[in-house]
Amino acid sequence: MGEEILPFLDPLMGKLLAALQSSPRNLQETCMSAIGSVASAAEQAFIPYAERVLELMKIFMVLTNDEDLRSRARATELVGIIAMSVGRTRMEPILPPFVEAAISGFALEFSELREYTHGFFSNVAEILEDGFSQYLPHVVPLAFSSCNLDDGSAVDIDDSDEDGNVNGFGGVSSDDEAHDEPRVRNISIRTGVLDEKAAATQALGLFALHTKSSYALYLEDSLKIFVRHSTYFHEDVRLQAIIGLKYILTAAHAVFQDHNEGTVRAKEILDAVMNIYIKTMTEDDDKEVVAQACMSTADIIKDFEYIPIEPYMAQLVETTLVLLREESTCQQTESDSEIDDDDAEHDEVLMDAVSDLLPAFAKAMGFHFAPIFSKLFEPLMKFAKASRPPQDRTMVVACLAEVAQNMGGPIAGYIDALMPLVLKELASSVATNRRNAAFCVGELCKNGGESALKYYGDVLRGLYPLFGESEPDDAVRDNAAGAVARMIMAHPESIPLNQVLPVFLKVLPLKEDHEESIAVYSCVSNLVLSSNSQILSLVPELVNLFAQVAASSVETPEVKAQIGRAFSHLISLYGHQMQPLLGNLSPTHANALAAIAPKS
């Protein structure tokens, strides 16, 4: 529900707090779980209730009887969730007794309590960041010991009661031979240990990410655990190892950035991580784990840029091809197995992640990406066929938009192949599809050179409905404005400005997608600064727009400075004629506008 919970917050918390204090243990656990959900949804609005709940949690966090430990685990988890909601300033001073109680719980030998406690430490590390360093000597060894636990994958042989009444399932088997040999029961791995290992692995990664160079002492041991867990038999643990490897790399970067001998080690760590990711992408059989390896690889490429990544590019491109062709291990479904709904969902998560790799390559390589893109283009485009679901098509369109943005000029060679798809997507019934199509069409026009010009009329006709009342989505409208701005900047002479500008200005200021701000407001400012006659016929609209941008809490100083220069230019052109327009502004808007105009 997110903030939709706010109207119900007070009565809900009244009921939950009352139930928490007067119910049997199992219901108290459910109450704590519910309060955690409320706190996550309400965020800062939860502050008035935080103190009361935290006081109650202190009572639960010191319980030591076996039958109370599950409640203690829930309480520990809840304190971490509340900490995330109310933030560092309020939590830091009151945390120490909670951390102490959490640490002391490890002496009680209860796997579920340890699991939830690792989650609690992860949350605390996230809000304290470098402030968590003081706790590392106490909590890292606890996470190490959970990671190094024996899996207990032993098979129990049950030769107890021979009357066939094993575990209360007597008489299931009609044939008597079944009773001649001892029953094998509990072939399952102890799932508690799995969950605990996954939580501890996750915690180590988050400690590394949030304490960065303070994590130096634990870096090598953590790396060994992540390398080992990246091939663990259960996917939950592998997933956390794959996420953690990226965080270890971030910490290693912070630790070694100042020492020369360190750069060699940092390079070795990057090498270990990249090799595991490439191996995971092709060989791991779990789609979610593979998706995570793709996303982490894309992040690393964006963080490290091209030179350090260059040695892995050939393998990465090959791996991306295998995934686009749906030929990797995790994409081989056995023909006789049921394909469930989850599977389609996992496919979507996986292909979204794979499609993140192409823009990352393009960002690192710029126009040098062109020869590689030519190999990946056909396999990518099969996801854009009309027969594919809408989310596949929009994945392709979003991917192409970012490739065009980062690769630049070479996209011109693909305009004729892409325009029909993107124009069709502008009219999709799904808002996300329209939004991505608007963004994509702008980037194609901006970077497509002469090849894109012949489509300008079709593109403007396709974008026009997104500016009207019939478009319900603000983000779609913002991206349509961004597209028109990019077209005007690329080829102002090919746009009927007298028809386009009034429609364009009418949907400004941007409402939701402020990543479009630079394109949109640069376009407006440049037209004003070049004294374009078409835009100068719209001075009253411009003054209103500039005032709203100046007063905005979300626009950057860079955007405001640009608008300020354009506003000064209007003043220099029209001087006193501007007075009535400025007089109509509210004091807030007028002051904001005065503040961003360059002082002459």
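Side-chain atoms are counted along with the backbone in the values below, which use heavy atoms only and exclude waters and symmetry mates. The structure presented is a predicted model; accordingly, all values stated were derived computationally and were not measured.
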Show your working on side chain to side chain contact (heavy atoms under 4.5 Å, CB included) between L585 and N544 and close with a plain yes or no. CA-CA 8 Å; L585 294 174; N544 268 327; 3.7 Å; yes
side-chain hydrogen bond (donor to acceptor under 3.5 Å, both in side chains) between H569 and S531, intermediate numbers included: CA-CA 9 Å; H569 186 69; S531 302; 2.9 Å; yes
Please walk me through it: do M13 and V38 pass side chain to side chain contact (heavy atoms under 4.5 Å, CB included)? CA-CA 8 Å; M13 284 306 295; V38 172; 4.0 Å; yes
Check step by step if salt bridge (charged side-chain N to carboxylate O under 4.0 Å, His left out) holds for D478 and R435. CA-CA 8 Å; D478 290 348; R435 178 184 184 168; over 6 Å; no
Would you check, one step at a time, whether the test side chain to side chain contact (heavy atoms under 4.5 Å, CB included) holds for I82 with V79? CA-CA 5 Å; I82 291 173; V79 175; 5.8 Å; no
Would you please test D303 and K246 for salt bridge (charged side-chain N to carboxylate O under 4.0 Å, His left out) and show each step? CA-CA 11 Å; D303 294 349; K246 165 76 171 66; 3.1 Å; yes
Please lay out, stage by stage, how Y135 and L128 fare under the test side chain to side chain contact (heavy atoms under 4.5 Å, CB included). CA-CA 10 Å; Y135 297 119; L128 296 187; 3.9 Å; yes
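Atom CZ of F304 has more than 12 heavy atoms from other residues, nucleotides or ligands within 6.0 Å. Counting non-hydrogen atoms of other residues, nucleotides and ligands closer than 6.0 Å to CZ of R88 gives a total above 12. Heavy atoms of other residues, nucleotides or ligands lying less than 6.0 angstrom from NZ of K560 number more than 12. Taking a 6.0 Å sphere around NZ of K385, one finds it holds 12 or fewer heavy atoms contributed by other residues, nucleotides or ligands. Heavy atoms of other residues, nucleotides or ligands lying less than 6.0 angstrom from CD of E43 number 12 at most. Crowding of E305 atom CD: a count of heavy atoms from other residues, nucleotides or ligands under 6.0 Å not exceeding 12. Within 6.0 Å of the NZ atom in K302, the count of heavy atoms belonging to other residues, nucleotides or ligands exceeds 12. Annotation: E4, atom CD; neighbour count of heavy atoms from other residues, nucleotides and ligands within 6.0 Å does not exceed 12.
Every pair passing salt bridge (Lys or Arg N to Asp or Glu O under 4.0 Å) that includes a residue from residues 515-528 is listed here, sequence neighbours excluded: R486-E516.
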Distance-only donor-acceptor hits, side chain of residues 523-530, under 3.5 Å, sequence neighbours excluded:
residue, atom, partner, partner atom, Å
S525, OG, Y521, O, 2.7
N526, ND2, S522, O, 3.2
S530, OG, N526, O, 2.9
S530, OG, L527, O, 3.1

Report, one line per pair, each donor and acceptor closer than 3.5 Å where one atom sits in a side chain of residues 413-420; sequence neighbours left out.
residue, atom, partner, partner atom, Å
D416, OD1, K454, NZ, 3.2
D416, OD1, Y455, OH, 2.6

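Note that the OH atom of Y247 and the CZ atom of F207 stand 13.5 Å from one another [nearest 0.5 Å]. For the atom pair CG of L56 and CD1 of I35, the computed distance is 8.0 Å after rounding to the nearest 0.5 Å. Here the CG atom belonging to D352 is positioned 6.5 Å from the CE atom belonging to M395, to the nearest 0.5 angstrom. The CG atom of N479 sits 11.5 Å away from atom CZ of R477, with the distance rounded to the nearest 0.5 Å. Rounded to the nearest 0.5 angstrom, L421 CG and L400 CG are separated by 7.5 Å. For the atom pair CD of E51 and CG of L54, the computed distance is 8.0 Å after rounding to the nearest 0.5 Å.
L95 has its side chain out of reach of F132: every pair of non-hydrogen atoms, C-beta onward, lies at least 4.5 Å apart. I243 places none of its side-chain heavy atoms less than 4.5 Å from the side chain of Q202. With contacts defined as side-chain heavy-atom distances shorter than 4.5 Å, the pair F46/V53 qualifies. When side chains are defined from C-beta on, F361 counts as touching M313, because their heavy atoms get closer than 4.5 Å. Side chains of C399 and P359 form a contact here, defined as non-hydrogen atoms less than 4.5 Å apart. With a 4.5 Å cut-off on side-chain heavy atoms, L497 and I535 do not count as touching. Using a 4.5 Å cut-off on side-chain heavy atoms (C-beta onward), H210 and Y215 make no contact. Side-chain contact between D513 and F439 is absent, with no heavy-atom pair separated by less than 4.5 Å.
Under the salt bridge (charged side-chain N to carboxylate O under 4.0 Å, His left out) criterion, R565 pairs with no residue, sequence neighbours left out. Applying the ring pair (Phe, Tyr, Trp, His ring centres under 6.0 Å) rule to F546 yields no partners; only residues at least two apart in sequence or on another chain are considered. Under the salt bridge (charged side-chain N to carboxylate O under 4.0 Å, His left out) criterion, E555 pairs with no residue, sequence neighbours left out.
Listed here is the closest heavy atom pair of A480 and L466: CB-CB, 3.9 Å. Nearest heavy atoms, P465 versus S470: O-OG, 3.7 Å. Taking every heavy atom of both residues into account, Q44 and S85 meet most closely at NE2-O, 3.1 Å. Closest of all the heavy-atom pairs between G36 and I81 is O-CG2, 3.4 Å. Closest of all the heavy-atom pairs between A481 and F504 is O-CE1, 3.3 Å. When all heavy atoms of A364 and I301 are compared, the closest pair comes out as CB-CG2, 3.6 Å.
Salt-bridge check for K506 with E541: failed, with every basic side-chain N at 4.0 Å or more from each acidic carboxylate O. The pair R393-E425 counts as a salt bridge, with a side-chain nitrogen and a carboxylate oxygen less than 4.0 angstrom apart.
K382 places a side-chain N or O within donor-acceptor distance of the main-chain N or O of L324, the cut-off being under 3.5 Å. Side-chain N or O atoms of T556 include one that pairs as donor or acceptor with a backbone N or O of V559 at under 3.5 Å. With T211 contributing its side chain and S133 its backbone, the two residues share no donor-acceptor pair below 3.5 Å. The main-chain N or O of P390 is found under 3.5 Å from a side-chain atom of N433 such that the two form a donor-acceptor pair. Of the possible donor and acceptor atoms, none in the side chain of D392 sits under 3.5 Å from a partner among the backbone N and O of R388. Of the possible polar contacts, none joining the T394 side chain to the Q391 backbone as a donor-acceptor pair under 3.5 Å is found. In this structure, E129 contributes its side chain and E126 its backbone to no donor-acceptor pair below 3.5 Å.
Shown are L501, L460, V484; of these, the side chain to side chain contact (heavy atoms under 4.5 Å, CB included) with I495 is made only by L460.
Under 3.5 Å, the side chains of Q292 and S296 contain a donor-acceptor pair of N or O atoms.
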